[in-house]
Amino acid sequence: VASVCISNMGQMPNPNEEVMAALAESEQIDSGEALLLAVASTDAKGCILTGDKRALRALALHGCASIFVGTILVIEQIIFECLQVKGREWILENICPYKNVDKAISNILGSQCDGSMESIVEGINSYITELVRLHDPRLLRDAVKLQN
């Protein structure tokens, strides 16, 4: 699956230098996130997938935030889609071995990686709702209240 995704990727466009410089001033947005955001800002259809909630909180308060309205996807949105398509057991089997990479995901799946469907959906909802409320209009793409 990864090789198919990689083969479909194009060359990364040049970042918007002004956006890059503006984001670089924020201590909460690291250089990698600043670069990804600056690249995404060059394409009206651009989108960025991230798990960096600290950077998103800082972005929401930044003067550049309006550039990114509706362009951000977070890991929780992807996991929710996987949950709907693949189911709880698949999530626990395939994500739990790597859950410590992201603190929010670790919390959502449960300390013993035994979260019920309801608790996983509730946890995902909690993080997405927080991120939606950071900025109006919202930064997140396709962020709606999730249903179990």
Checklist entry - Hey, are the side chains of Q84 and C82 touching, using non-hydrogen atoms and a 4.5 Å cut-off? => result no
Next on the checklist: Hydrophobic cluster membership, with links at side-chain heavy-atom distances under 4.5 Å among I/L/V/M/F/W/Y: are L59 and V39 in one?
Outcome noted: no
Checklist entry - Which heavy atom in L37 sits nearest to a heavy atom in F68, and how many Å separate them? => result O-CE2, 3.1 Å
Next on the checklist: Looking at every heavy atom in both L56 and I72, which two are closest together, and how far apart are they?
Outcome noted: CD2-CD1, 3.6 Å
Checklist entry - Is it the case that one hydrophobic cluster holds both M20 and M12, taking links as side-chain heavy atoms less than 4.5 Å apart, direct or via other members? => result yes
Checklist entry - Once you round to the nearest 0.5 Å, how far does CG of L92 lie from CG of L83? => result 8.5 Å
Checklist entry - Got a sec, which residues hit side-chain contact (heavy atoms from CB on, under 4.5 Å) with P137, two or more places apart in sequence or on another chain? => result V69, H135
Item to check | L73 with V101, same ILVMFWY side-chain cluster at under 4.5 Å | outcome: no
Item to check | Atom pair CG/CZ of L139 and R133 - distance to nearest 0.5 Å | outcome: 15.0 Å
Checklist entry - Counting only heavy atoms not in E18, do more than 12 sit closer than 6.0 Å to its CD atom? => result no
Checklist entry - How far apart are the closest heavy atoms of Q77 and I128, and which atoms are they? => result CG-CD1, 3.6 Å
Next on the checklist: Restricting to non-hydrogen atoms, name the atom on K99 and the atom on G110 that form the minimum distance, rounded to 0.1 Å.
Outcome noted: NZ-O, 3.0 Å
Item to check | Exam field: side chain R88 to backbone G115, donor-acceptor pair closer than 3.5 Å | outcome: yes
Checklist entry - Which residues satisfy the side-chain contact (heavy atoms from CB on, under 4.5 Å) test with S119, sequence neighbours excluded? => result S116
Item to check | Interatomic distance, R141 atom CZ to L49 atom CG [nearest 0.5 angstrom] | outcome: 11.0 Å
Item to check | side-chain hydrogen bond (donor to acceptor under 3.5 Å, both in side chains): pairs with one or both residues in residues 27-53, sequence neighbours excluded | outcome: E33-T50, K53-E76
Next on the checklist: Can you tell me how far apart CD1 (I124) and OG1 (T129) are? Round to the nearest 0.5 Å.
Outcome noted: 11.0 Å
Checklist entry - Could you give the distance from CG (L61) to CZ (R57), rounded to the nearest 0.5 Å? => result 10.5 Å
Next on the checklist: Quick check: do Y127 and V74 have side-chain heavy atoms less than 4.5 Å from each other?
Outcome noted: no
Checklist outcome for this item: Rounding to 0.5 Å, atoms CD1 (I120) and CD1 (I91) come to a distance of 7.5 Å
Next on the checklist: If you compare all heavy atoms of C96 against all heavy atoms of L109, which two are closest, and at what distance to 0.1 Å?
Outcome noted: SG-CD1, 3.9 Å
Next on the checklist: Please give me the minimum heavy-atom distance between L23 and C64, naming the atom from each residue.
Outcome noted: CD2-CB, 4.4 Å
